[in-house]
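All remarks here apply to the structure that follows.
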There are 2 protein chains.
Amino acid sequence: MSIIFSRQCEYALQAVTYLALKPVGEKTSIKELTKKLDIPYHFLGKILQDLAYKGLLISQKGPTGGFALGLPARDITLFHIVEAIDGSGFMTNCVLGFPECSSSNPCAVHDSWGRHREGIYQMLVNRNIAEMARAMKKPEYVAIRR
Amino acid sequence: MSIIFSRQCEYALQAVTYLALKPVGEKTSIKELTKKLDIPYHFLGKILQDLAYKGLLISQKGPTGGFALGLPARDITLFHIVEAIDGSGFMTNCVLGFPECSSSNPCAVHDSWGRHREGIYQMLVNRNIAEMARAMKKPEYVAIRR
DNA sequence: TGAGATTCAGATACTTTTATCTTAAATTAT
DNA sequence: ATAATTTAAGATAAAAGTATCTGAATCTCA
């Protein structure tokens, strides 16, 4: 199975986007997130914990506690999330896994992939969570989950 | 960790490229491949078996046996290998994993990713194993392994 | 025909990722 | 204070991916 980002990373992106739909500063519990987004409770807990540790979210315990964005939604890019969870290894390794592939000894798709990779990088850097949330703020978004 | 293709797929691409460096029809044993490419013996065996079953390679048992390309090198594209091992799910799923993302209800990077994905697809379809082999046929290629 | 070399196939083990369980710590409200 | 609710943290389990082991089947060549 080809994938780009880990499942953890996908969950993180979904959760952070959901938080961006909420009024600024409002806390959202794991329970609500896990229910609306259909993500395993404790697994999501660990992911959010991680993002909170890295400053992308803030957390609070107790009743009325939960998670909220640690920065304005428009200051959190997709790349921030991806880098926090998956790292940025996809920016450096040969996409086909050839160990000897490098700019001085390139495989046949080295340059081509370099351009695509850069484009994907720009896509991640130039899109923020506010935009993600806006795109998702549709009837279908809420309707699909239950 | 972000990845594009599975390790199996990377091994497959490397092995098939190596076979393309050989004279047409010459069989190469797993032993040689595993030694030159530093890929686990039995793991590679299963992968090649799989590719042979799917017609991309031919195999022969016994002394002087081994594996060879099942088609002319220039008729085997990267996509043939990727599709055989990893499938083509990356062509259809939302790159960020949003379950409700579709062309009628796109996430904020849906169209952007669509263009990148198409570019990557073209890269895989337009490059064949002969080209891969040519790019790798350099002193460094042999020197790095042992 | 028999020995050796090789792929084939199934079982097993290891590793990483994903998911769950349990208890502790913190916070809120009664 | 106490109870209830929530995150924090560590241990454990399940699943998927990667790797190894063993024996069978097949082929070549002496």
Side-chain angles (χ1 to χ4, degrees), chain A residues 1-16 19 22 25-35 37-70 82 85-87 89 97 99, chain B residues 1-15 19 22 25-35 37-70 82 84-87 89 97 99:
Chain A
M1 185 62 171
S2 307
I3 61 164
I4 308 282
F5 306 116
S6 71
R7 186 167 298 196
Q8 274 195 60
C9 189
E10 295 183 353
Y11 288 165
L13 289 162
Q14 292 168 34
V16 173
L19 293 180
K22 292 300 185 80
E26 183 175 318
K27 305 283 195 312
T28 305
S29 70
I30 301 177
K31 200 191 319 183
E32 176 177 342
L33 286 162
T34 208
K35 205 161 199 171
L37 301 175
D38 195 32
I39 298 174
Y41 186 92
H42 292 91
F43 194 40
L44 180 57
K46 302 245 175 254
I47 296 168
L48 299 183
Q49 221 170 293
D50 193 6
L51 291 175
Y53 175 79
K54 287 168 179 159
L56 293 168
L57 298 181
I58 56 177
S59 67
Q60 194 186 17
K61 294 180 182 177
T64 78
F67 294 87
L69 299 185
V82 168
I85 303 292
D86 279 351
Chain B
M1 184 63 172
S2 308
I3 61 163
I4 307 283
F5 306 116
S6 70
R7 186 167 297 196
Q8 274 193 60
C9 190
E10 295 183 351
Y11 288 165
L13 289 162
Q14 293 168 33
L19 292 181
K22 292 298 184 82
E26 183 175 318
K27 306 281 196 312
T28 304
S29 69
I30 300 177
K31 200 191 320 185
E32 176 177 341
L33 286 162
T34 209
K35 206 161 199 173
L37 300 175
D38 196 31
I39 299 174
Y41 186 93
H42 292 91
F43 194 39
L44 180 57
K46 302 244 176 256
I47 297 168
L48 299 182
Q49 221 170 292
D50 194 5
L51 292 175
Y53 175 78
K54 287 167 180 159
L56 293 169
L57 299 181
I58 55 177
S59 67
Q60 194 185 16
K61 294 180 183 176
T64 78
F67 293 87
L69 299 185
V82 168
I85 303 292
D86 279 350

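Residue numbering restarts at 1 for every chain, and letters A, B, ... go by the order of the sequence lines.
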(message) Can you confirm whether B/Arg7 sits close enough to B/Tyr11 that some side-chain heavy atom of one is under 4.5 Å from a side-chain heavy atom of the other?
(response) yes
(request) Give the angle between the helix axes at the two ends of the helix from C/dT1-D/dA30 to C/dT30-D/dA1, taking five base pairs at each end and rounding to 10°. (result) 0°
(request) Please report the shortest heavy-atom distance between A/Ala15 and A/Leu33, naming the atom on each side. (result) O-CD2, 4.1 Å
(message) I'd like the 5' and 3' limits of the part of DNA chain C contacted by chain A, with heavy-atom contacts below 4.0 Å.
(response) C/dT18 to C/dT28
(request) Taking side-chain hydrogen bond (donor to acceptor under 3.5 Å, both in side chains) as the test, write out the residues that go with B/Glu26, two or more places apart. (result) none
(request) May I ask you to decide if A/Ile47's main-chain N or O and A/Gln8's side chain share a donor-acceptor pair within less than 3.5 Å? (result) no
(request) Please name all residues satisfying salt bridge (charged side-chain N to carboxylate O under 4.0 Å, His left out) with A/Lys54, sequence neighbours left out, ordered by chain then number. (result) A/Asp50
(request) Grab the NE2-C1' distance between A/His42 and D/dT12 for me, whole Å please. (result) 12 Å
(message) Any non-hydrogen side-chain atom of A/Leu48 less than 4.5 Å from a side-chain atom of A/Leu57?
(response) yes
(request) For A/Tyr11, answer base if it contacts any base atom (sugar-phosphate contacts may also be present), sugar-phosphate if it contacts only those atoms, and nothing otherwise; contact means non-hydrogen atoms under 4.0 Å. (result) sugar-phosphate
(request) For B/Ile47 and D/dG17, give me the distance from atom CD1 to atom C1', rounded to whole Å. (result) 11 Å
(message) Rounding to an integer number of Å, can you tell me how far B/Gln14 CD sits from D/dT18 C1'?
(response) 15 Å
(message) Applying side-chain hydrogen bond (donor to acceptor under 3.5 Å, both in side chains), can you list everything that pairs with B/Gln60, at least two apart in sequence or on another chain?
(response) none
(request) Check the distance between D/dT6's C1' and A/Leu48's CG and give it to me in whole angstrom. (result) 13 Å
(message) Can you work out whether B/Thr28 or A/Gln8 has the more 5'-proximal nearest nucleotide on DNA chain C?
(response) B/Thr28
(message) Measuring from the side chain of A/Phe67 (C-beta onward, heavy atoms only), which nucleotide among D/dT26, D/dA19, D/dA8 has the closest atom?
(response) D/dA8
(request) Looking at every strand, decide which applies to B/Lys46 at a 4.0 Å heavy-atom threshold: base, sugar-phosphate, or nothing. (result) base
(request) List in chain and number order the residues that pass side-chain hydrogen bond (donor to acceptor under 3.5 Å, both in side chains) with B/Ser2, two or more places apart in sequence or in another chain; answer none if no residue qualifies. (result) A/Asp86
(message) Rounded to whole Å, please give me the gap between NZ in B/Lys27 and C1' in D/dT28.
(response) 13 Å
(message) Counting C-beta onward and ignoring hydrogens, is there a side-chain heavy-atom pair between A/Ile85 and A/Ser6 closer than 4.5 Å?
(response) yes
(request) For A/Tyr41 and for A/Gln60, locate the closest nucleotide of DNA chain C by heavy-atom distance; then report the residue assigned to the nucleotide nearer the 5' terminus. (result) A/Tyr41
(message) Rounded to whole Å, please give me the gap between CG in B/Asp50 and P in D/dG17.
(response) 14 Å
(message) Rounding to an integer number of Å, can you tell me how far B/Lys61 NZ sits from D/dT26 P?
(response) 5 Å
(request) Tell me which of B/Pro63 and B/Arg7 sits closer to the 5' end of DNA chain D, going by the nucleotide each one is nearest to. (result) B/Arg7
(message) From CG of B/Leu44 over to C1' of D/dG17, roughly how many Å is that when rounded to an integer?
(response) 16 Å
